[in-house]
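Note that ligands are numbered from 1 as they come in the structure, with each ligand's atoms numbered from 1 the same way.
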Amino acid sequence: MAATVRSVLKVSRTPFARSLVSSSRFSTTAAKNMNLKERLAQLIPAELENVKAVRAEHGKKSFGPVLVDQLYGGMRGLPALIWDGSVLDAEEGIRFRGKTIPECQALLPKAPGGQEPLPEGLFWLLVTGEIPTQEQVTELSKDWAARSALPEFVEELLDRCPPTLHPMSQFSLAVTALNHDSAFAKAYQDGISKKEYWGPVFEDCMDLIAKLPNIAGRIYRNVFGKGKLPSIDASKDYSHNLATLLGFGDNEAFVELMRLYITIHSDHEGGNVSAHTGKLVGSALSDPFLAFAASLNGLAGPLHGLANQEVLLWLRKMQSQIGENATDEAVKEYVWATLKGGQVVPGYGHAVLRKTDPRYTAQREFALKHMPNDPLFKLVGQIYNIVPDILLEAGKAKNPWPNVDAHSGALLTHYGLTQMQFYTVLFGVSRAFGVAAQLIWDRALGAPLERPKSYSTAAIDKMFKGKQ
Ligand SMILES: CC(=O)SCCNC(=O)CCNC(=O)[C@H](O)C(C)(C)COP(=O)(O)OP(=O)(O)OC[C@H]1O[C@@H](n2cnc3c(N)ncnc32)[C@H](O)[C@@H]1OP(=O)(O)O
Ligand SMILES: O=C([O-])CC(=O)C(=O)O
């Protein structure tokens, strides 16, 4: 079955690639002078044709059987969704529109003097499948800066939240409230034609991404008493502004970290909880603010995006119990105690990946370059040498290797962003890029309401009773 799945995926990727080739007359000089919406408007008709052709050719082909176990087992491996921005390979990890993380680091435009890719370029890549020019990325930075202001009532909403309300709950509240000004919701009420949905959805997605730094910065400063929020600087890139709003804009290494962080956390194909939730809610034609707020509520779970907070809490608890610079033996004992206590080792394991997450590796390489002697970085490395063997010996986890969340907190802590309850907010800022790109395409391609079939245990029992 795996081979069938792979060959179908290959076939279904080809037409999109073909669409880009067939529209290559645009991807020369003219395309390089276009803004994102203009380029998208060119790509949509060809992709509509491609999807039609793929469905005509393969629409009745099967991916293989669905097992009852998959219904009970969180639908692992069940082919169920279309997601164009990225594809996850269990061994290799994520590719954004066919490009690995190192390839994105090499190919995407950088800030002057910077070495990490600008997330603006990654968004362009997710949406179009193309590497933008430096000028296109600069225009995107400016566009997002121009859209970044929050409605006053959203600022007030955040200012009224008690600091005891988790930053992710505040984040979700604020994003939900942005639906007040949704271009799509308004256009829908005004009777927009289906064919035109993608236009206002694109505008909402751009507004959503643009406003996230102001939301994140406000939450951070409110909750952790960090004073008044500075203004967005229209001459700076998105990550620089985010860093400034958090109070770290003067630290160029932190700004670089934000560029890398937002790039690598953006998208992880469609089946993860935050991406799938956004797509599902968007399929009801809830606007991008409502859809992405739902994504955030999923990201806030400890088995998903909250794991980066959990990793730091777990590490700090370890240090308080066995001290800093603990021996391997003491660390092993602590890991076993976690497992014997019926808890998971946060930052390890994955529903799809079966190797070390390349996002972990990218962060490790960043740390080796910028903070090789950091004690927490060393502890993260020590744990890497210990945990996989223990998880293998414990015999339950299908993947004993670290995921992205095993590393991110150590990097943020190094630069002074020590408030782990805030970490998943940064993950959420990044995840908006991937969810938004797919929401735009879903509406452009007329993706239908999601509504799979559910079964009761009694129905399954009855269905197979007396059958082999
Ligand atoms: C950005 C992200 O979302 S990356 C993931 C972040 N989450 C974490 O790091 C939390 C720790 N990891 C986990 O809980 C899991 O590995 C998940 C949730 C990521 C994946 O879950 P699954 O696909 O169900 O993993 P898998 O099939 O390997 O699980 C089999 C068993 O191993 C256990 N297991 C998996 N990973 C771990 C772990 N890190 N520590 C302890 N036990 C684990 C599962 O809890 C499950 O136990 P059960 O049979 O008693 O229910
Ligand atoms: O793919 C997953 O299931 C979880 C994950 O790593 C992500 O969403 O970034």
Side-chain angles (χ1 to χ4, degrees), residues 69-70 72-78 80-81 83 85-90 92-96 101 122 126 168 261-279 292 295-315 334-363 380 383-384 386-409 420 423-435 438:
D69 260 348
Q70 288 178 299
Y72 286 99
M75 297 183 277
R76 284 302 172 287
L78 192 76
L81 300 165
W83 194 270
S86 63
V87 174
L88 182 63
D89 181 86
E92 186 197 48
I94 198 69
R95 278 180 184 261
F96 303 115
I101 289 172
L122 194 269
L126 288 176
M168 282 303 284
Y261 185 103
I262 293 174
T263 297
I264 65 175
H265 286 77
S266 60
D267 207 27
H268 218 231
E269 72 170 31
N272 68 74
V273 170
S274 50
H276 183 194
T277 307
K279 183 179 173 76
F292 186 64
S295 294
L296 287 175
N297 289 341
L299 195 69
L303 295 187
H304 190 22
L306 202 76
N308 53 29
Q309 162 186 317
E310 296 301 291
V311 167
L312 245 284
L313 285 170
W314 184 76
L315 292 178
Y334 180 80
V335 175
W336 274 114
T338 302
L339 293 178
K340 285 179 184 155
Q343 293 154 33
V344 296
V345 177
Y348 279 77
H350 198 273
V352 178
L353 280 167
R354 294 296 176 258
K355 286 274 167 66
T356 295
D357 191 335
R359 299 172 297 179
Y360 175 96
T361 309
Q363 293 183 98
V380 167
I383 285 165
Y384 181 85
I386 290 173
V387 165
D389 283 344
I390 295 181
L391 285 176
L392 284 174
E393 196 181 328
K396 283 212 296 184
K398 291 189 190 68
N399 175 35
W401 301 106
N403 60 58
V404 67
D405 294 319
H407 215 306
S408 45
M420 44 270 227
Y423 292 170
T424 311
V425 172
L426 290 179
F427 195 157
V429 171
S430 169
R431 190 47 56 97
F433 286 52
V435 173
Q438 190 61 40

Can you confirm, on distance only, whether ligand 2 has an N/O atom lying under 3.5 Å from any N/O atom belonging to R359? yes

Residue part near ligand 2, for E269, under 4.0 Å between non-hydrogen atoms: neither

Between K398, R431, R76, K396, which one has a non-hydrogen atom sitting closest to atom 22 (P) of ligand 1? R76

Do any non-hydrogen protein atoms sit less than 4.0 Å from atom 29 (O) of ligand 1? no

Do we see a donor-acceptor contact under 3.5 Å between the side chains of S408 and Y360? no

With heavy-atom distances below 4.5 Å as the criterion, would you say the side chains of V404 and H265 are in contact? yes

Show me which atoms of ligand 1 lie under 4.0 Å from any heavy atom of A307. 6 (C), 7 (N), 8 (C), 9 (O)

Among A351, A397, A406, P346, closest by any non-hydrogen atom to atom 32 (O) of ligand 1: A397

Indicate, as side chain, backbone, both or neither, the part of H350 found under 4.0 angstrom from ligand 2 when only non-hydrogen atoms are considered. side chain

If you measure every N or O of D405 against every N or O of ligand 1, does any of those distances drop under 3.5 Å? no

Could you tell me whether some N/O pair between V345 and ligand 1 is separated by less than 3.5 angstrom? yes

Under 3.5 Å: N/O of H304 near N/O of ligand 1: yes

The answer for which part of H276 has a heavy atom under 4.0 Å from ligand 2 is neither

Give the single entry among R431, H265, H268, R76 that approaches atom 5 (C) of ligand 2 most closely by any heavy atom. H268

Could an N or O of ligand 1 be found under 3.5 Å from any N or O of L303, whether backbone or side chain? yes

When only distance counts, is Q343 in polar contact with ligand 1, meaning an N/O pair under 3.5 Å? no

Can you find an N or O of G305 that's nearer than 3.5 Å to an N or O of ligand 1? no

Test your reading of the structure: does D357 have an N or O sitting under 3.5 Å from an N or O of ligand 2? no

